[in-house]
Visitor: 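The structure that follows is given in the form of structure tokens.
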Amino acid sequence: MKKIENYISGNITPCKSKNYLPVEDPSTGEIISEVSLSDINDFNLLIESSLKAFDIWSNLTPLKRSRIISKYKEYIEKDLENLSKLVSSEHGKTLDDAKGSVTRGLEVVEFACGIPHLLKGEFSQNVGTDIDSWSIRQPLGVTAGITPFNFPAMVPMWMYPISIACGNSFILKPSEKDPSCSIRLAELFSEAGLPEGVFNVLNGDKTAVDMLLSDNRIQSISFVGSTPVAKYIYETAAKNGKRVQALGGAKNHLIVMPDANIDQAVDGIMGAAYGSAGERCMAVSVAVAVGDIADKLVENISNKAESLIVAPWTDSSSQMGPVISKEHKDKIESYISSGVEEGAKLVLDGRNFKIQGYENGYFVGPTLFDNVKKDMKIYKEEIFGPVLSVIRAKNYDEALNLVNNHAFGNGTSIYTSDGEVSRHFTTNCKVGMVGVNVPIPVPMAFHSFGGWKQSLFGDHSMHGTEGVKFYTKLKTVTSRWPKSIQKGPEFKMPTN
Ligand code: NAD
């Protein structure tokens, strides 16, 4: 059985714990490899390497760091097909979708190449007589990231390129469900010239996470995953004196106004609700149909969803693959049953979905509910599967209230042809990432990614300039040269 080990000091390093967890192909349910479950001995080896690397790496000029990152960008581009296949084979998403996600990660690497410019400080001459002041941003030290299964390349790439560009060393703890891609990304960075130990990968489960959260040699924790774990990470890491950004779950609403272009809205909803089997933190899981557009909207979504091609990633016609595990498939199906029990109208039922030749795969068919109410479990909780709930609202105000009163605040969109409504929505919705006639408003690398409310714990979003701020400490210097000092001691606050 193929083993996926840790990556320490530029080498694949067999784990000392000798404990492994099976990794499955979600299309077939077969075990395809085993991933190491690191223990304290693995962690000790890795942290020593990260600390040593920080001393060397942080002393390299930003320009030299940037040149290695530029090379890394080329190496990823050349390996894009292979990286995407690693994503699809363990996650199950279509190959095109996997390529798109690696490319979105690559854009952060591209952004990080500009680090000499991004680290430029501020300078003020004569803050007092003959006194100058400037601010600089310095790296934190050893930083760490813990990532979810749904974007095994892109989400780690929201973190480590920026952290490393800022001069830190970085420890990645990938999801144990699809860890292969992280190892390849680390290898490519070494091949591009990154000194050993700057980017280490620690495989494992909660035990590995807890070692990262409690060790005082680690300065910051970046996390992306479900809300209960995000909250735990935020509280534990903050209690241990670390800087934390912890991104959680979502329940993204897409509002369709009566004046929307309905074909555009339906196409947008289809990709956003069922793409990647709904396992995206920016997936649309609630369509809010405003006024008399509802019947037509439900009918059109249902017609399209019925003919959606559900197949394994190895089939190039596939539009939607399986969900990640048997456990997750069962959970999604139990949400569908609860929606029926609570009285929502099940228009399309994806339970017990079978594909010939892949009967043991974790497929769930596209599922559509109409007449969902706000007190139902399928509306309140994140399902993270191909299940779309349509909720009907009388008017725009009612739709906006739904968005604003929901516990999550990751992404939202509005489809309308009225600029005034759109402007009101973008100004007044309580959500971090907002789209207008755009179904999945994921910010580009040079903006920053992050939600509000239960979707983000901490002060900083990821990547973009927020990422640079998160991975650096601000230092402000106030300086006067001796010749200009003419007065004796002063005991009052200086005012000029
Ligand atoms: P998860 O929370 O189960 O796991 C995420 C990471 O945390 C993994 O590396 C896992 O090993 C670790 N982990 C799991 N349980 C833990 C525990 N009890 N203590 C410590 N560590 C633990 O999430 P997942 O199922 O891998 O990913 C899906 C979730 O991630 C969804 O809720 C989705 O919305 C969310 N997500 C959010 C964003 C965002 O940007 N807000 C992006 C992608 C995914």
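Both ligands and their constituent atoms are indexed starting at 1 by order of listing. Counting begins at 1 with the first residue of the sequence.
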Visitor: Measure centre to centre between the rings of Y379 and H253, then say whether the value is under 6.0 Å.
Guide: yes

Visitor: Decide, yes or no, whether a salt bridge links K231 with E235 under the criterion of side-chain N to carboxylate O below 4.0 Å.
Guide: yes

Visitor: Test L106 against K73 for side-chain contact (heavy atoms from CB on, under 4.5 Å), laying out the working first.
Guide: CA-CA 7 Å; L106 182 62; K73 177 181 159 287; 3.9 Å; yes

Visitor: Give every pair formed by an N or O atom of ligand 1 and a protein N or O atom closer than 3.5 Å, one pair per line with both atom names and the distance to 0.1 Å, or write none.
Guide:
from     : atom 1 : to   : atom 2 : distance (Å)
ligand 1 : 2 (O)  : S226 : N      : 2.9
ligand 1 : 2 (O)  : S226 : OG     : 2.6
ligand 1 : 9 (O)  : T147 : O      : 2.8
ligand 1 : 9 (O)  : K173 : NZ     : 3.0
ligand 1 : 11 (O) : K173 : NZ     : 2.8
ligand 1 : 11 (O) : E176 : OE1    : 2.6
ligand 1 : 11 (O) : E176 : OE2    : 3.3
ligand 1 : 26 (O) : F149 : N      : 3.0
ligand 1 : 30 (O) : G225 : O      : 3.3
ligand 1 : 32 (O) : E382 : OE1    : 2.6
ligand 1 : 34 (O) : E382 : OE2    : 2.6
ligand 1 : 41 (N) : G248 : O      : 2.7

Visitor: Once side-chain contact (heavy atoms from CB on, under 4.5 Å) is applied, do any residues pair with I164, and if so which ones, sequence neighbours excluded?
Guide: W57, Y160, F170, F189, L194, V198, F199

Visitor: In plain terms, say whether K331 and E327 are close enough for a salt bridge, that is, a side-chain N and a carboxylate O under 4.0 Å apart.
Guide: no

Visitor: Grab the two heavy atoms, one from I391 and one from V372, that are nearest each other, plus how far apart they are.
Guide: CG1-O, 3.1 Å

